[in-house]
> 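Dumping the structure here so I can ask a few things about it.
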Amino acid sequence: MSAPQLNPPQRAAIHYLDGPLLVLAGAGSGKTRVITHKIAHLIREGGISARNIAAITFTNKAAREMMERVGKLLTPGELRGLTVSTFHSLGMQMLRLEAPHLGYKPQFSILDAFDAGKIIADTLGTTARDEIRKVQSRISLWKNDFKSPQQTLTEADNDWDHVCARTYLAYQDTLTAYQAMDFDDLIRLPVELFRREPEVLERWQNRLRYLLIDEYQDTNTCQYQLVKMLTGVRGMFTAVGDDDQSIYAWRGANMDNLRLLQEDFPRLNIIKLEQNYRSTVRILRAANAVISNNPKLFEKQLWSELGLGEPIHAVQCKDDEHEAEVVVQRLLAHKFEHRTAFKDYAILYRGNYQSRIFEQALRNQKIPYQMAGGQSFFDKPEIKDVLAYLRLLANPNDDPAFIRAVTTPKRGVGAGTLEKLGAWAGERKKSLFAAAHEEGFRMQVQAAQLEPLGQFCDFLSALQARAPREPAGELVEELLKAIGFEAWLYDSEDSPRIAETKWKNVQELVAWLARKAEADGKNLLELTQTIALITMLEGREEGEVDAVKMSTLHASKGLEYPHVFLVGCEEGILPHSESVDNGMVEEERRLMYVGITRAQRSLTLSYCVKRKRAGEWQFVEPSRFLDEIGGEDIRHFGRPGAEPIVSKSEGKSRLANLSAMLGEKGKARAAGLSDPD
DNA sequence: GAGCCGGTCATTTTT
DNA sequence: TGACCGGCTC
């Protein structure tokens, strides 16, 4: 099922230990394999101990998978101390240890994008989401360029930059006051620390003697600096990447880092992996055709031995509802015909908002599905409610957490009291939690309002004192009981079914916390500090469930599926209109490339003639990328002069439907073509 | 201080 | 079409 042996370039990449190495790994060329085997090689043959090796990925999921796969190559003893984590977790680990050097306490909070956005909204005095997002991303890009607020303020030469710079200044002050960091700080601050304190840097250089960086094309300036500083003059690292799959420029990813690597490390060795073990020739040819319209940094020609395969289908639909229906019908017909399983299919789309209509269509047909990415478990309101309490326990300076916790469930502390508290605390530069205890403030407020506030604070203080010693799960259970969370959910929700789901989510969180605390040997406070970085629920056996996978194109990177539906292939969506306006079509093309190369055996591209947007019907054009695929590899359906949409599948669809509902006992054959990458 | 209703607005991608 | 915010009333 997996590529039986390592091919020569893969082997070369694994064995090369003489200096810095860049592996240009095309889609499906087995890059994860190279990284995992290289880790094993470093430990077994390279004489480097696991605790001196760090493999860096971009998602927690990728990190987890990588750890799992290394675990199959080595004994637990050999693995001990190995670091496999995201840039952000690595940065956090460093900062927890070095926080005092930077004027932070080790128990600082980490704000996710949502909480950070709220602070920006407050300082900006607006609720316009679009504006907030733009300012937020501007600030983020600045931070990733090591620009201080003062610097941006001086350099601002237009009104917009000026507004952003002033917001940046206030925002950063607020973060400091809360003892909080955002995602960018987790990378930026270690670098700044290393610049200031050479002996701290040296310590970390000695600790992490060999680095492996996955998805190198997605590193931003900060991340590259971090790598550069950590590897130092030794330059002992392997960076693995693919310039054609760089899809995070909007987040600060800097493709130039690939070129910089050559410049900064003249000894850099480059190895290309060009054999694809994933897709059929036709799929690969289509992908190559699309991407060939982009300028090339490194010449690279992907090839496959997996046979010609079926032509790619392009299906024109009447509107978005019709598209969902067509995709589901085709999926069922295909499944029936090829005796596959639901888990062999994926529906990929450009924006999360597109998922809804497909979910609906799948539900209508009782087809099980599983969404990757999208709204994370930890973003659900009921989960954020509980987490607010935990965050507050871990860091009493976390004012946003204080406000959320003290008002959820409602306990008689209202806007009036909070405003007074905020004003009093603000003047004295104290946290809300600290201020609530102080006599000066308490004298200003009537006893009736003070009482619930005081109880709240005392309750939390007591819990906090116990947290280091007592089991995390039990403590949270007790907390929930004390605040009457379950009852509150049922009271405030008009549908008991929704309340039930929410309560189940909360229970899932508690169970997860208990398990995780046990496994990692962490107490509740320590565990809480890592949660902001976790985006997907860990430990879910995703591959095991027989369900259609749904994912954004971005979240699908690194994954593969036997049969892929890439939907919404329209001008305005893919490429996205904003990107077209900003001259970012090349990145959209790479996104298309990523989408196409997820498919192992069959690929269907769908698009609509018209689509409802903001309540209005709008006519749309098929994506330009469709035209870039060679005529002999694509078959059109549903457009004038082409084959009808459902052709032969229509007659079978009812049957397919039926068999789907019966659960199809027959051995569903997964199309395990190759090693997942 | 808390819940309800109506008007307004918008849809990229994520650690 | 739907989500979310803010102002209104109890």
Side-chain angles (χ1 to χ4, degrees), chain A residues 56-63 85-92 110-114 116-117 121 126-134 136-137 140 144 181-187 215 218-220 222-223 246-253 320-321 348-357 360 372-376 378-379 381 407-419 448-449 452 488 491-494 530 532-536 551-557 568 572-582 584 587-588 590-591 594-595 611-618:
Chain A
I56 304 172
T57 61
F58 269 79
T59 64
N60 292 296
K61 197 172 153 204
S85 74
T86 62
F87 267 109
H88 292 87
S89 322
L90 180 66
M92 184 193 70
I110 297 167
L111 299 188
D112 60 26
F114 182 81
T126 178
T127 56
R129 283 194 305 236
D130 200 47
E131 195 186 344
I132 295 165
R133 200 178 351 210
K134 281 193 177 124
Q136 196 171 4
S137 105
S140 170
N144 283 315
M181 296 186 193
D182 62 17
F183 288 143
D184 300 319
D185 290 330
L186 295 177
I187 322 258
E215 308 281 11
D218 288 327
T219 51
N220 63 32
C222 274
Q223 290 162 337
S246 166
I247 53 174
Y248 286 101
W250 52 273
R251 204 172 82 182
D320 45 5
E321 212 168 305
L348 306 180
Y349 35 83
R350 173 71 231 258
N352 280 306
Y353 68 98
Q354 294 175 58
S355 69
R356 207 176 214 97
I357 198 156
Q360 194 58 52
Q375 202 204 14
S376 137
F378 291 96
D379 287 337
T407 53
T408 326
K410 307 279 180 253
R411 52 164 56 77
V413 180
T417 315
L418 282 178
E419 215 157 284
Q449 278 140 22
W488 175 77
D491 283 348
S492 54
E493 204 61 63
D494 25 37
T530 66
L533 294 180
I534 296 165
T535 50
M536 269 164 266
S551 169
T552 63
L553 286 166
H554 281 87
S556 77
K557 192 164 68 152
I573 293 183
L574 183 64
H576 194 273
S577 47
E578 292 277 307
S579 300
V580 175
D581 293 346
N582 297 321
M584 307 266 291
E587 176 144 320
E588 297 290 305
R590 292 192 289 269
L591 204 47
V594 166
R611 190 176 278 275
K612 226 184 296 186
R613 261 182 109 111
E616 291 276 298
W617 283 108
Q618 221 174 35

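Everything numeric in this text was worked out from a predicted model, so none of it was measured. Side-chain atoms are counted along with the backbone in the values below, which use heavy atoms only and exclude waters and symmetry mates. Labels below follow one simple rule: chain letters A, B, ... track the order of the sequence lines, proteins then strands, and each chain is numbered from 1.
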> Shortest non-hydrogen contact from A:G568 to A:I573?
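Shortest heavy-atom contact: O-CG2, 3.4 Å.
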> Starting at atom CH2 of A:W488, determine the distance to atom P of B:dG3, rounded to an integer number of angstrom.
9 Å
> Where the side chain of A:Y353 is concerned, which of B:dT15, B:dT11, B:dT14 is the nearest nucleotide?
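Of all the options, the side chain of A:Y353 is nearest to B:dT11.
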> Among the nucleotides C:dT1, B:dT14, B:dT15, which one has an atom lying closest to any side-chain atom of A:K612?
C:dT1
> Separation of A:K557 atom NZ from B:dT12 atom P, in whole Å?
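A:K557 atom NZ is separated from B:dT12 atom P by 21 Å.
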> So what does A:R356 hit on the nucleic acid, given a heavy-atom distance under 4.0 Å: a base, only sugar-phosphate, or nothing?
sugar-phosphate
> Determine whether any donor atom in the side chain of A:R350 lies under 3.5 Å from an acceptor atom in the base of B:dT13, or the reverse, and answer yes or no.
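Side chain to base: pair present.
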> Mind checking if A:R590 touches a base, just sugar-phosphate, or nothing, with heavy atoms under 4.0 Å?
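A:R590: no heavy atom of the nucleic acid under 4.0 Å.
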> Using a 4.0 Å heavy-atom cut-off, does A:R129 contact any base of the nucleic acid, only the sugar-phosphate backbone, or nothing at all?
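The answer is sugar-phosphate, as A:R129 gets under 4.0 Å only of primed atoms, P, OP1 or OP2.
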> Once you apply a heavy-atom cut-off of 4.0 Å, does A:F58 come out as touching a base, just sugar-phosphate, or nothing?
sugar-phosphate
> Using whole Å, what does the distance between atom P of nucleotide B:dT11 and atom CG of A:D320 come to?
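Result: 17 Å.
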> Quick one: is B:dT12 close enough that its OP1 or OP2 comes under 4.0 Å of any side-chain N or O from A:T552?
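No, A:T552 has no side-chain N/O under 4.0 Å of OP1/OP2 on B:dT12.
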> Among B:dT13, B:dT15, B:dT11, which nucleotide sits nearest the side chain of A:H88?
B:dT15
> Taking atom C1' in both B:dT11 and C:dG6, compute the distance separating them and give it to the nearest angstrom.
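Per the computed distance, 22 Å lies between those C1' atoms.
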> So does A:E588 pair up with A:R350, basic N to acidic O under 4.0 Å?
yes
> Round to a whole Å and report the spacing from CD1 of A:I132 to P of C:dC5.
9 Å
> With a non-hydrogen cut-off below 4.0 angstrom, is A:D130 in contact with a base, only sugar-phosphate, or nothing?
sugar-phosphate
> State whether A:K557 and A:D218 are salt-bridged, where the test is any N-O pair (Lys NZ or Arg NE/NH1/NH2 against Asp/Glu carboxylate O) under 4.0 Å.
yes
> Quote, to the nearest angstrom, the C1' distance that separates B:dT12 from C:dC5.
23 Å
> Rounded to the nearest Å, what distance is computed from the CG atom of residue A:D218 to the C1' atom of nucleotide B:dT13?
12 Å
> Rounded to the nearest Å, what distance is computed from the CG atom of residue A:D184 to the P atom of nucleotide B:dT14?
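These atoms are roughly 16 Å apart.
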> Could you state the atom-to-atom distance from CZ of A:R133 to P of B:dT11 in whole Å?
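Going from CZ in A:R133 over to P in B:dT11 covers 5 Å.
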> Closer than 4.0 Å, any side-chain N/O of A:R613 to the OP1 or OP2 of C:dT1?
no
> Mind calculating the distance between CG (A:N582) and P (B:dT13) to the nearest angstrom?
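The answer, rounded to whole Å, is 15 Å.
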> Test A:L553 against every option in A:V594, A:L591, A:I247 by the side chain to side chain contact (heavy atoms under 4.5 Å, CB included) rule and name the one that passes.
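One option only clears the test, and that one is A:L591.
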> Applying salt bridge (charged side-chain N to carboxylate O under 4.0 Å, His left out) to A:E587 and A:R590, what does each step give before you reach the verdict?
CA-CA 5 Å; A:E587 176 144 320; A:R590 292 192 289 269; 3.3 Å; yes
> Please find the pair of heavy atoms, one from A:T552 and one from A:G351, that lie closest to each other, and give the distance.
CG2-C, 4.5 Å
> Is there a side-chain polar atom (N or O) of A:N352 under 4.0 Å from OP1 or OP2 of B:dT13?
yes
